[in-house]
Protein chains: 2
Amino acid sequence: MHPDTAKIARLVGDPSRSAMLIALMDGRFHTAKELAWAAGITPQTASFHLRKLENTRILQVEKHGRHRYYRLSDTDVAHWMESLLRVAPLTPVRSLRQSSQQRALREARTCYDHLAGKVGVELTEGMVNRGILEEEGTDYRITPAGEHFMYRWELDLTVIRKKRRSFARCCLDWSERKHHLAGALGHAVLNRLLETDWIRRLPSTRAVQVTEKGKEGLREAFGLDL
Amino acid sequence: MHPDTAKIARLVGDPSRSAMLIALMDGRFHTAKELAWAAGITPQTASFHLRKLENTRILQVEKHGRHRYYRLSDTDVAHWMESLLRVAPLTPVRSLRQSSQQRALREARTCYDHLAGKVGVELTEGMVNRGILEEEGTDYRITPAGEHFMYRWELDLTVIRKKRRSFARCCLDWSERKHHLAGALGHAVLNRLLETDWIRRLPSTRAVQVTEKGKEGLREAFGLDL
DNA sequence: CCCAAGTTTCGATATAGATCGAAATATGAA
DNA sequence: TTCATATTTCGATCTATATCGAAACTTGGG
């Protein structure tokens, strides 16, 4: 009668698998070895776990040469992990390094394949304030003014609309507890921000950094004060 | 550095605990014995599980006499369970009885302490269409017209606003994949619907039933066609 | 005070499954 | 072909924990 919740939750309920899934929350593909390293386990053990995750609809895998590339199978899984982060207690911070990492995550990070954290939420709010987006149910809708803006910003909406996934979803941010932009448009915006070097990925973390150029650009384009 | 996701997920990852938590998703208090029955385990075993859930922030407990009343500790937990239901695979339906129960759940059910399912979503959309509510970020905002409506509907907003919890939140419906009204207002609306006998709780399930009177009332008040 | 009912504690048991070493398999590179 | 690297398979081990019977504890009612 009910969806088999225990089965899914159990999979995330192992520290190694949980660590791998959190590593995958940046929305990129990762190899089995990378994930083993992220979880602090041997490749054999990682293989054991990954097969379990693959057998449900949690992970998708692509074989390329001798690598297997894993990623979260869809946004529902990413959303669920995000909402889990809201519920899970924060472990006491054990070191200065960890607390600064945590601060960086709350400031700006990737959530699956779009931007989240304080910057992600403020960017989305900026787009709404400037009349680029309107919230509508669980989605955002782009306004005519927004279409024009995206054209000037060199973001081709026709291509984005062709994708099978939903165009512009609301995603609830675990650290900010407000919505930010997700979906194909959210993904495209993140890519544009990376392309233009307004934000940069940091190695081995989901946190991202807003460059000086980015701060200026975001202020001018969306009224953000970072 | 990260919230301790595995610890929380592990707790839900046991079939017995999962069954108890799903039973608790109606937002009401349940005794340990009821929950044991819902999970198909003995009271000893339930006690063992409930203590674990109590030790995290998942469950709240109140002692009254020789009973212990449990409920989900807050809406974040309820939301998380809802999003888990979106991810979890539907187990193959094994009987006619189960499939009709499932249909009833999708039609109308309580989600924590407010109304969800098709009826919950349509009611919320009806309120938006009639200019009673406006969606704003992760919340709904009540309009002046809405205030007037609630006054005529005998729902005292001043009392609701005094509650510490958030006034009118968006909650994402797992079966409809749209928002419905949650928060203190969502709770009050559910209560009003029960009081006026527009909907009725069904025994031992989260599903609720819209009465004939309710169908008429909901059509007239919110334009619903059930 | 005594009984009944709800709940917890204790102890014993049984099972699942996370882990890794060693070895096998697959693939690309030289 | 040969070597190196990524991944999986197999086997063994070890630990965690879900379960329930029996008994204790708690509380309300008579």
Side-chain angles (χ1 to χ4, degrees), chain A residues 2 4-24 28-56 58-73 88 91 204, chain B residues 2 4-24 28-56 58-73 88 91 204:
Chain A
H2 275 299
D4 193 352
T5 51
K7 185 177 177 184
I8 298 292
R10 174 170 215 104
L11 284 171
V12 186
D14 174 82
S16 302
R17 285 193 291 260
S18 178
M20 290 194 285
L21 288 171
I22 287 178
L24 284 163
R28 287 184 283 184
F29 282 98
H30 293 257
T31 64
K33 202 183 186 185
E34 279 171 4
L35 294 171
W37 186 86
I41 52 180
T42 59
Q44 306 96 290
T45 309
S47 171
F48 164 79
H49 289 307
L50 288 168
R51 201 150 57 98
K52 291 198 164 188
L53 294 169
E54 204 184 324
N55 286 339
T56 65
I58 292 185
L59 289 190
Q60 275 187 347
V61 65
E62 279 185 25
K63 272 186 80 169
H64 285 127
R66 45 187 168 179
H67 297 275
R68 302 191 66 145
Y69 291 92
Y70 290 91
R71 71 167 170 186
L72 298 184
S73 78
T91 49
S204 64
Chain B
H2 276 299
D4 193 351
T5 51
K7 186 177 177 183
I8 298 293
R10 174 170 216 102
L11 284 170
V12 187
D14 174 82
S16 302
R17 285 192 291 260
S18 178
M20 291 194 284
L21 288 171
I22 287 178
L24 285 163
R28 288 184 284 185
F29 282 98
H30 293 257
T31 64
K33 203 183 187 185
E34 280 171 3
L35 293 171
W37 187 85
I41 51 179
T42 59
Q44 307 95 289
T45 308
S47 171
F48 164 78
H49 289 307
L50 289 168
R51 202 151 56 96
K52 290 199 164 189
L53 294 168
E54 205 183 323
N55 285 340
T56 65
I58 292 186
L59 290 190
Q60 275 184 346
V61 66
E62 279 186 25
K63 272 186 79 169
H64 285 127
R66 41 185 171 183
H67 297 274
R68 303 193 66 150
Y69 291 92
Y70 291 90
R71 71 167 170 187
L72 298 184
S73 77
T91 50
S204 65

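These values consider heavy atoms only, across backbone and side chains, with no hydrogens, waters or symmetry-generated copies. The shown structure was predicted, so the numbers you read here are calculated from the model rather than taken from an experiment.
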### Task
Scan B/Tyr69 against the nucleic acid and name what it touches under 4.0 Å (heavy atoms): base, sugar-phosphate only, or nothing.
nothing
### Query
Within the pair B/Lys63 and C/dG6, is there a side-chain N or O less than 4.0 Å away from OP1 or OP2?
no
### Message
How many whole angstroms separate atom CG of B/Leu35 from atom C1' of C/dG6?
### Response
13 Å
#### Entry: Atom-to-atom span, CD of B/Glu34 to C1' of C/dA5 - whole angstrom
14 Å
#### Entry: Any pair counted as side-chain hydrogen bond (donor to acceptor under 3.5 Å, both in side chains), so long as it reaches residues 14-24 of chain B, sequence neighbours left out
A/Thr5-B/Ser18, B/Arg17-B/His49
### Task
Figure out the CG/P separation between B/Leu50 and D/dT17, and round it to whole Å.
17 Å
### Message
How many whole angstroms separate atom CG of B/Asn55 from atom C1' of C/dT8?
### Response
14 Å
### Query
Could you walk me through whether A/Leu21 and A/Leu59 pass the side-chain contact (heavy atoms from CB on, under 4.5 Å) check?
CA-CA 9 Å; A/Leu21 288 171; A/Leu59 289 190; 4.0 Å; yes
### Query
Going by the salt bridge (Lys or Arg N to Asp or Glu O under 4.0 Å) test, which pairs reach into residues 61-70 of chain A, not counting sequence neighbours?
A/Glu54-A/Arg68
### Message
Please find the pair of heavy atoms, one from B/Gly13 and one from A/Arg10, that lie closest to each other, and give the distance.
### Response
O-NH1, 3.0 Å
## Note on the structure
Letter by letter from the 5' end, nucleotides 14-23 of chain C scores (B base, S sugar-phosphate only, - none; protein heavy atoms under 4.0 Å) ---SSBBBB-
### Task
Indicate whether OP1 or OP2 belonging to C/dA26 is found under 4.0 Å from a side-chain N or O atom of A/Arg68.
no
### With B/Thr45 via side chain to side chain donor-acceptor pair (under 3.5 Å) - residues at least two apart
B/Thr42
### Query
Do A/Thr31 and A/Tyr70 pass the side-chain contact (heavy atoms from CB on, under 4.5 Å) test, and can you show the C-alpha distance, the side-chain angles, and the key distance before you say yes or no?
CA-CA 6 Å; A/Thr31 64; A/Tyr70 290 91; over 6 Å; no
#### Entry: Spacing of B/Leu53 atom CG relative to C/dT8 atom P, expressed in whole Å
12 Å
### Length of the NZ-C1' vector between B/Lys7 and D/dT17, whole Å
16 Å
### Task
Show the numbers, then the answer: is there a side-chain contact (heavy atoms from CB on, under 4.5 Å) between A/Val61 and A/Leu50?
CA-CA 9 Å; A/Val61 65; A/Leu50 288 168; over 6 Å; no
### Message
Could you work out how much the helix from C/dC1-D/dG30 to C/dA30-D/dT1 bends, comparing the axis of its first five pairs with that of its last five, to 10°?
### Response
30°
### Message
Please report the distance, rounded to the nearest Å, between NE2 in A/His67 and C1' in D/dT7.
### Response
10 Å
### Task
Output all residues satisfying side chain to side chain donor-acceptor pair (under 3.5 Å) with B/His67, sequence neighbours left out; order by chain, then residue number.
none
### Query
Is a side-chain donor or acceptor of A/Arg71 paired with a backbone partner of A/Phe29 at a separation under 3.5 angstrom?
no
### Message
Whether the side chain of A/Arg66 and the base of D/dT5 hold a donor-acceptor pair under 3.5 Å is what I'd like checked.
### Response
yes
